[in-house]
Amino acid sequence: MSIYDTLNRQQLEAVQHNEGPLLILAGAGSGKTRVLTHRIAYLLDEINVNPWNILALTFTNKAAKEMRERVDTLIGFGSENIWVSTFHSTCVRILRRYIDRLGYGNNFTIYDSDDQKSLMRDIIKYFNLDPKKYKEKTFINEISSAKNSYISPEQYAMENPGDPAKKKYAKVYTEYQHRLKQSNALDFDDLLFKTVELFENNKDVLANYQNRFRYIMVDEYQDTNTVQFKLLHLLATSTNDFGETVHNLCVVGDDDQSIYRFRGANIYNILNFESSYPDTKTIRLEQNYRSTKTILDAANQVISNNTERKEKKLWTENQEGDPITYTLFDSAYEEAEYIANRILQDFEDGLCNYRDYALLYRTNAQSRILEEKLIQRNIPYRLVGAINFYQRKEIKDLLAYMRTINNGQDDISVKRIINVPKRGIGLTTIDRLMEHSIHNGISFYDACKNAEYIPGIGRGASKVSPFVSMIEIIKSKLSNPEYSILDLFDEILEATGYEDELVAENTEEAKNRIENIHELKNKIITFLENAKEDNSLNAFLEEISLVADIDNLDETDNTVTLMTLHSAKGLEYPYVYICGMEEGVFPSYMCIHSDDPMDIEEERRLCYVGITRAREKLFLTAARQRMQNGEIHFHSPSRFINEIPRYLLNQTTPKSIYSNPFANTVSAPITPQKDKPFRYTSANGSSDFSAISRTGFNRNRSSNPFGDNPMIQKGFHFEKPYQAKTTTTSMLDNPPSYGVGDKVKHDKFGEGTVTKLTKGKKDYEVCVEFDTAGAKKLLAGFAKLEKIH
DNA sequence: CTCAAGAGCCTTTTT
DNA sequence: GGCTCTTGAG
């Protein structure tokens, strides 16, 4: 019995192909991670490849971590020497060693999108551009797509000399790049761009890595952009024992799951892989091990409407399964309410665990209303994305201090903190400092050092110098090897009085911020615990600038997961809800009104991704009206609903949930009609009649905490009283009525004794020794334990 | 220089 | 609806 016996024929073929380019077209749920990990095992075990010679690239840290763990379980050794990492981390690792060849310092800072925005704002001001006419975002997007296509500022300027708009972009791009370099900073796109630049201009460095990475594997290849293609092409060229050039490049992807075009992903990388590498071996993985036949059929039908794709048909030996449920509601409130009720009911009936559910939506803004309804029912949930922890004001402030200390050239960070907390340094002073720095070609921080000699600053200088000396003092301590970044963090808190100020504020919001600061401190401690060789400030800052929201998803918690369809790629759940299936929401308004037909195709691929996340049951929901940007919008059901054959759908009427909130939905009788897609009534029959109401009839409801929910206005008060949502951690405010040693009763597990009661992250954690069910760890908020006397 | 209130903008998706 | 920026008064 070998580890390869469990693979199907195509999977095995892919695993055993070890020489020359390999394209694995892996449909959703076809076991592509299995193939990748088994292939690594095969190379190590059977071909005796040195783990040192293997590079596996992913897009998220989560995927990288999973891959490493799975290789470990397969072969039990050697995986720590395989380079398994994201594209971005890989590039950073290379650049940290060699970027001095491009004239940057090796302690460069990584700018996130907020930093980019601040920088761009400065540039717009510098060029005296009308901020009403020129948005930072327009420039940033233009620059980003140039970088993703490996177009430098010089090249950009050369390409369109006659076009005045492009000329302006070129000027801004040049200045932007100049300032990044001055700040010794790179943005996300630079990480890839500069690595390719480094390789192209330093053949010795390239040869070094080519020689090392003799076997390269790439996950989610359909989402690579042009720079990533170049990078792979440069790296995956080595010479074999016979002096022949070989490309041991194995890419795995699914063109139907390409959903990052907006971010520069180039779907032709995968579509044209075979022509880029003529001796490519192509293997299709079409057997799906994840979903029911019904779900898979629906997915196949939807995606078949796309033109630009490699023909393939997923099949499964799994059961037929239940029909897909589609429900159209009057409003987004009812939609959210229904979903929350359904989940609660199934949970209480013992039919499912909370962790079995994923609620997917097109835009992050849609999560709010779902969260509200889940909170009201005490359903624990976990939100992926939305507000990234590292984007919070207090976190960014403290990180800016650390970044300033690490790299004084990082102007954006220095400017961020120079008057935070308030030191009486105003806009005039900052402007003068900025002018001075630009005039003299020095960094903003160096200008601060010279503050007293700068004309026009006057009294301001006396405020600036204490700031400079504070930074200098802390910086000097770093030279002591005993001084850890944890000491540094404490010192910053102490010296700036940042936390004290929040404590003094004593508001709910301030408390929340303090909690976040403590959380950041925990992250530093964890980092120091896990750091292998490098526990420097630089390494810490690097690690946190490269985390994605999805990296922190803990699938062991028993919670419902809420996330965007994009974040859901690569995951699977027994029960999936896709909410907001409406024209103008999904597909988005932007795509519908775009003149590029590829936009709607990408949206359809996103729908395909969503559908194929579900293992057993898929629920699609839509609302006739929903609040967007403070306005009520009316939408017709999504075209994607129409693309699912009617015989796979079970349309339920939302009416039934009004009379009895916990009653089962009633199925409308549906006659199978294979040839005719079912069309849901829309006033004029057109697929897009979304309208926007700009009238003010959503006013005058500020006194009603339930908003314009007609159910509430009609008096159907089956909900718990509304509580203003401050954080998702509010359950900690209600300590349980029982303590250690108390006898308690649980609905399902019966009677038991509390053995432990601790304050968890979101809620109190209770350990109970049940008389019959054994020891269980529960969350107090929804375990509904009853104390018995 | 700082704070509070009002105006205006926004939303697609993210490493 | 909510966040950020602008404005005007201390």
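Not one side-chain nitrogen or oxygen of A:Asn225 sits closer than 4.0 Å to the OP1 or OP2 atom of B:dT15. Contact annotation: A:Asn364 side-chain N/O to B:dT13 OP1/OP2 distance is under 4.0 Å. The phosphate of B:dG8 has neither OP1 nor OP2 within less than 4.0 Å of any side-chain N or O from A:Asn629. Contact annotation: A:Thr564 reaches the phosphate of B:dT14 (side-chain N/O to OP1 or OP2, under 4.0 Å). Residue A:Lys137 places no side-chain N or O under 4.0 Å from the OP1 or OP2 atom of B:dC10. Phosphate contact (OP1/OP2 of C:dC3, side-chain N/O of A:Lys393, threshold under 4.0 Å): absent. At the phosphate of B:dT11, neither OP1 nor OP2 sits under 4.0 Å from any side-chain N or O atom of A:Ser588. Considering only side-chain N and O atoms, A:Ser567 lies under 4.0 angstrom from the phosphate OP1 or OP2 of B:dT14.
Residue contacts for A:Ile425: at a heavy-atom cut-off of 4.0 Å it reaches the sugar-phosphate backbone alone, with no base atom in range. Using a 4.0 Å heavy-atom distance criterion, A:Leu192 is classed as making no nucleic acid contact. Nucleic acid contact class of A:Phe188 (heavy atoms, under 4.0 Å, all strands): base. Across all strands shown, A:Arg626 has no heavy atoms under 4.0 Å from either base or sugar-phosphate atoms. Residue A:Ser113 is classed as having no contact, given no heavy-atom separation below 4.0 Å to the nucleic acid.
Of the two residues contacting DNA chain B, namely A:Asn419 and A:Cys591, the nearest-nucleotide position lying further toward the 5' end is that of A:Asn419. A residue-by-residue look at A:Asn61 and A:Arg423 shows that A:Arg423 has its nearest nucleotide of DNA chain B further toward the 5' end.
Remark: P of B:dT15 and CG of A:Asp115 are 15 Å apart, rounded to the nearest angstrom. Atom CD1 of A:Ile418 is separated from atom P of B:dC1 by 11 Å (rounded to the nearest Å). Atom P of nucleotide B:dT13 and atom CG of A:Leu360 are separated by 15 Å, given to the nearest angstrom. Distance CD (A:Glu501) to P (B:dC3): 9 Å, rounded to an integer number of Å. One atom, CZ of A:Arg368, and another, C1' of C:dG1, lie 8 Å apart when rounded to the nearest Å. Atom-to-atom, CG of A:Asp551 to C1' of B:dT15 comes out at 9 Å; the value is rounded to the nearest Å. Per the geometry, CE belonging to A:Met627 stands 19 Å off P belonging to B:dC10, to the nearest Å. The nearest whole Å value for the distance from the CZ atom in A:Arg605 to the P atom in B:dT12 is 18 Å.
Taking all atoms of both residues into account, the shortest heavy-atom contact from A:His635 to A:Glu583 is ND1-O, 2.7 Å. Between A:Ala28 and A:Tyr608, the closest heavy-atom pair is N-OH, 4.2 Å.
The gap from the C1' atom of B:dT13 to that of C:dT4 amounts to 22 Å, rounded to the nearest Å.
The aromatic ring of A:Phe262 does not sit over the base of B:dT14; the criterion of centres under 5.5 Å apart with planes under 30° is not met.
Note: A:His566 and A:Tyr260 have tilted aromatic rings, judged against thresholds of 30 and 60 degrees for the angle between ring planes.
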**Item:** Audit row: A:Gln391, A:Asp112, side-chain hydrogen bond (donor to acceptor under 3.5 Å, both in side chains) steps and yes/no
**Value:** CA-CA 9 Å; A:Gln391 284 175 322; A:Asp112 69 13; 5.5 Å; no

**Request:** Determine, step by step, whether A:Gln228 and A:Tyr221 satisfy the side-chain hydrogen bond (donor to acceptor under 3.5 Å, both in side chains) criterion, reporting the C-alpha distance in whole Å, the side-chain angles of both residues, the deciding distance to 0.1 Å, and the verdict.
**Result:** CA-CA 10 Å; A:Gln228 282 158 334; A:Tyr221 186 67; over 6 Å; no

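Checked for salt-bridge contact, A:Asp255 and A:Arg605 miss the test: no charged N lies under 4.0 Å from a carboxylate O. Ion pairing of A:Arg362 with A:Glu603 is present here, as a side-chain N (NZ or NE/NH1/NH2) and a carboxylate O approach within less than 4.0 Å.
Ranking B:dT14, B:dC10, B:dT11 by closeness to the A:Ala365 side chain, first place goes to B:dT11. The nucleotide whose nearest atom lies closest to any side-chain atom of A:His88 is, among B:dT12, B:dT2, B:dT15, B:dT15. Closest to the A:Thr428 side chain, of the nucleotides B:dT15, B:dC1, B:dT14, is B:dC1.
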